[in-house]
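Contents: one structure, followed by commentary.
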Number of protein chains: 2
Amino acid sequence: MTDLDGNHSVVSIHALERFPYYLNYLKSLDKENIKSISSPFIAKALDLNEVQVRKDLAVLNSGGKPKTGYVLEKLITDLETFLGYNNVSEAVLVGVGHLGKALLSYKGFEKYGLNIIAGFDINEEIVGTGVGEKLILPLTKMKNLCRRMHIHIGIITVPAENAQDICNLLIDSEIQAIWNFSPVKLTVPDNILVRNENMAASLAILSKHLIEKTHRPNSDNK
Amino acid sequence: MTDLDGNHSVVSIHALERFPYYLNYLKSLDKENIKSISSPFIAKALDLNEVQVRKDLAVLNSGGKPKTGYVLEKLITDLETFLGYNNVSEAVLVGVGHLGKALLSYKGFEKYGLNIIAGFDINEEIVGTGVGEKLILPLTKMKNLCRRMHIHIGIITVPAENAQDICNLLIDSEIQAIWNFSPVKLTVPDNILVRNENMAASLAILSKHLIEKTHRPNSDNK
DNA sequence: TAGATTGTTAATCGATTAACAATC
DNA sequence: TAGATTGTTAATCGATTAACAATC
């Protein structure tokens, strides 16, 4: 996997993965009119180590104070800025099957700063139709559109067999980051970031848990 | 997060996450009529360390041989068995919004051994209708149905505010594993496994990458 | 002030990788 | 046999956690 920024990024991927949980939790506190919060409190709520929380939050420079903790509102703003939710990024999606359609019509991405501007597919029967408010365009138009509109994110929801080809096409379209929903290890140049949404792994982990539970019944009932 | 099986599971989550990539790659080789494969070869293709590959595959007891490597077909079968793709697990999904609808209609889960049998929602307007071939039922019927049918997996696609309540309801319905698509750290008993599909984190990571690229242009162009 | 809390340095833990003997 | 490859033990690396001085 490509490193986040080559060298001096101080935030690990693991830390970055925790940030949305912090943000979501802090927002829920904000609704209850709480003004400040301490790291042990956050740690307790999210089942983390309090030092880890402080270390994570330290990168935001939100300046916690001994005795009182962090100012909730500042922490929320800083997290949103840091995570880039304030910048809107535009993306294209390739592969308008069931999953592709789902992501195209999902409104939830907007609040995280992602705007999918169109879907692309080779299937001529669906080209020209729309999903939600998003248009489905032929794959042949992708390169031109991405370059012209300076789109930087590509979402891959094609079958495994075609994933690498589509990936290459996206890179040729000057995409800089790829969100990959296929269970394929993509080969990309160093400067392209790939984030794998490994649903197959998730299912495997769930399934494994159930198998082990069935085979060794009651072994972990307290 | 709940440990996979409490104590003597030898496979780490990280290793488990790599398995779907092995499986997918090996299947692509199988199509090309290749009969056996070595760990250095797999490592090269998936950009991993060869020792890591051997260590991962060792848990399958597929018995690689010096000089020739592993028998491809056996490796594939063993991986599928290990990952539980041969067991079909049944699941219910709660929260039939855009994302929920998408997952309900997605056919891709079947080949990973997951069968979503129905969707549940509180919105009376959509209750009674269907998505794909899946029925949408009122939340009030969930507990009874899950218990009667011995459903073991619950998928959460409700908004963050409701995620914990739904989680509690699922546990009360005797669900044993939860696939959580909300950006919420769920609180569950030790024997319940939660797998978070952290889309918010993925977006944050993509976004962060783009921001850093913009701010320090050409710093990582080779 | 006394005590809670931060931020940082050092120790620990777990996972990855290197080294190597065994073996086909 | 010679060489490629496995499987395992030891070293390294990175992330988490514990210990603690600084501070409000």
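Just so it is clear, the values below take in all heavy atoms, side chains as well, and ignore hydrogens, waters and symmetry mates. Below, chains carry the letters A, B, ... as their sequence lines are ordered, and counting in each starts from 1. No experiment lies behind these values; they were computed from the predicted model shown.
- Residue A:Tyr70 places at least one side-chain N or O under 4.0 Å from the OP1 or OP2 atom of C:dG7.
- Proximity note for B:Pro66 (side chain, C-beta onward) versus D:dA15, D:dT8, C:dT23: the nearest is C:dT23.
- Atom CG in A:Leu57 sits about 14 Å away from atom P in D:dT16, given to the nearest Å.
- Residues satisfying the salt bridge (Lys or Arg N to Asp or Glu O under 4.0 Å) criterion with A:Lys143, sequence neighbours excluded, are A:Asp172.
- Side-chain atoms of A:Val51 lie closest to D:dA19 of the nucleotides D:dA19, C:dA19, D:dC24.
- When each of A:Arg18 and A:Lys65 is assigned the nucleotide of DNA chain D bearing its nearest heavy atom, the one mapping closer to the 5' terminus is A:Arg18.
- Of the candidates D:dT6, D:dA18, C:dT16, the closest approach to any side-chain atom of A:Asn49 belongs to D:dA18.
- Taking atom CZ of B:Phe41 as the reference point, atom C1' of D:dT6 lies 17 Å away to the nearest angstrom.
- Protein atom CG of B:Asp56 is 15 Å distant from nucleotide atom C1' of D:dT8, rounded to whole Å.
- In this structure, A:Leu60 atom CG and C:dT6 atom C1' are separated by 15 Å, rounded to whole Å.
- In this structure, A:Ser207 contributes its side chain and B:Leu83 its backbone to a donor-acceptor pair below 3.5 Å.
- Rounded to an integer number of Å, the gap from NE2 of A:His14 to P of D:dT17 is 12 Å.
- Between B:Tyr22 and B:Leu48 the shortest side-chain heavy-atom distance falls below 4.5 Å.
- Two rings, from A:Tyr112 and A:Phe109, have their centers 6.0 Å or more apart.
- One interatomic measurement links the two molecules: CD1 of A:Ile13 to C1' of C:dA15, which rounds to 17 Å at whole-angstrom precision.
- Both key distances under 3.5 Å define a Watson-Crick or G-U pair, and stretches of 3 or more such consecutive pairs in DNA chain C run C:3-24 with D:3-24.
- With distances taken from any side-chain atom of A:Gln52 to the nucleotides D:dT17, C:dG3, C:dA15, the minimum falls on D:dT17.
- At C:dT6, one or more side-chain N or O atoms of A:Ser39 fall inside 4.0 Å of OP1 or OP2 (strictly under the cut-off).
- Annotation: cation-pi pair B:Lys208/A:Phe82 present, NZ/CZ under 6.0 Å from the ring centroid and within 45° of its normal.
- Looking at B:Arg195 and B:Glu17, a side-chain N of the basic residue comes within less than 4.0 Å of a carboxylate O on the acidic one, giving a salt bridge.
- A salt bridge does not link A:Lys111 to A:Glu80: none of the charged side-chain nitrogens sits closer than 4.0 Å to a carboxylate oxygen.
- One can place CG of B:Leu46 at 14 Å from P of C:dT16, the figure rounded to the nearest angstrom.
- Taking every side-chain heavy atom of A:Lys55 into account, D:dT17 is the closest of C:dT6, C:dC24, D:dT17.
- Ranking C:dT6, D:dG3, D:dG7 by closeness to the B:Arg54 side chain, first place goes to D:dG7.
- The distance from atom CD of A:Glu50 to atom P of C:dA4 is 12 Å, rounded to the nearest whole Å.
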